[in-house]
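Here the structure is laid out as structure tokens; the discussion comes afterwards.
In this chain, residues are counted from 1 in sequence order.
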Amino acid sequence: MLFLALYVYQTSSAFQNAGVAADRAAFIWDNSKKDAVTGDYSIHQDDGLYWRLHSDSMSDLFRFLIPNKAAQISLPVSSPGSDTGPEGKMQKVGATLSSDWSGMMRYQNSGFSREVVVNLEKPFRSPHFMVKKLDNHVVSEASAQVVDPVETIRLIDLTRSFIQEIQGRIKPSAALATMVEPKSVPEPAVVITNHESAANYLRTLVNGKEQTLEVNASTKRVVDALDANKVAHQAYYSFNEAQLRNVQMPKDAGLLKEGSQVTGVVWHFFKLSKQDKVKLSNGLRQELERQGIVVVIHE
């Protein structure tokens, strides 16, 4: 009976120590600067406003997507940790336990439920004739819920204030009226397959008209799209660089120099339907820019 009483006492001691450790950890959870035994701390010592985001095992909330092991430490703990995260808080409490106890402390954040679990274990030596009747060690488990009264009050106050602010701002019928299916369907993308479709696209783009201008007495220039600001827009789908350099470029350069019929010239190059990019040499592009002709690439 004596050894049975000792076994019951050791088991009760294990549960008492585990329960006290779990309660202490839950109590200091909102401020790692609190004393693990008394809960005392300086008014200027805290973990900052956003500790719940970066020091509260927020990754536990996503363990249904990504396997995530709960924060835990092994006991006994030689000295309290300086970390402000879950492991540091548990180490601070674990350091208050006697080194005779082994086991672990675990913390898990499930959003609405945040729990600290303490498991303790210690060998129990019994006489030979009691070995089969009593375990050779005592074990215990205790848990405590982490509560955050300050944050709870803050959220309740915010909710009450927010509801009062938005109440009556918009009626249910007005909210439903804003959720209307669009009446128009976006137009399909324009497909350029030849010079004529490229020129039509330009006329629509710049709201211009096809116009024939006189460069000199013997030369005329057909402008694909002349906009309201007298800017001439030319479309090029399939082209020969030699022909552009020797025939087309001098015409537009002459119009720019004369200055009364156009205020600017823009050459639009469209890629062929079977190609990914416009094949325009840097040399021709630089010559066009020297003549004052703007180059636009459509790919």
What's the spacing between Lys89 NZ and Tyr107 OH if we round to 0.5 Å?
7.5 Å

Once rounded to the nearest 0.5 Å, what's the spacing between atom CZ of Phe239 and atom CH2 of Trp267?
10.0 Å

Verify same cluster id: Leu280, Val265 (apolar side-chain graph, 4.5 Å):
yes

Nearest 0.5 Å please: distance from the CD atom of Gln108 over to the CG atom of Leu61.
10.0 Å

May I ask whether Val146 and Met90 are part of the same hydrophobic cluster, defined by side-chain heavy atoms of I, L, V, M, F, W, Y residues being less than 4.5 angstrom apart, directly or through others?
yes

Single-linkage hydrophobic cluster Val93~Val117, side-chain heavy atoms < 4.5 angstrom:
no

Quick one: do Asp276 and Lys271 make a salt bridge, cutoff under 4.0 Å?
no

Pair Asp60 + Arg114, salt bridge at N-O below 4.0 Å
no

What's the separation between atom CD1 in Ile192 and atom OG in Ser197, rounded to the nearest 0.5 Å?
4.5 Å

Test item: Lys92 side-chain N/O and Asp35 main-chain N/O as donor-acceptor pair under 3.5 Å:
no

Measure from NZ or CZ of Lys34 to the centre of the six-membered ring of Phe27 and say whether it is under 6.0 Å with the direction within 45° of the ring axis.
yes

Kindly compute the distance separating CE (Met104) from CD (Glu141), expressed to the nearest 0.5 Å.
8.5 Å

Side chains of Glu241 and Ser281: does their closest heavy-atom pair fall under 4.5 Å?
yes

Is there a path of hydrophobic side-chain contacts, each under 4.5 Å between heavy atoms of I, L, V, M, F, W or Y residues, that connects Met249 with Ile297?
yes

Would you indicate whether Asn207, at its atom CG, is surrounded by more than 12 heavy atoms from other residues, nucleotides or ligands within a distance under 6.0 Å?
no

Lys279/Glu299 ion pair, N-O < 4.0 Å:
no

To the nearest 0.5 Å, what is the distance between CG (Asn216) and CD (Glu258)?
10.5 Å

Following the transitive rule for hydrophobic clusters with a side-chain heavy-atom cut-off under 4.5 Å over Ile, Leu, Val, Met, Phe, Trp and Tyr, establish whether Phe15 and Val116 coincide in one cluster.
no

Are Asn17 and Ser13 linked by a side-chain donor-acceptor pair shorter than 3.5 Å?
yes

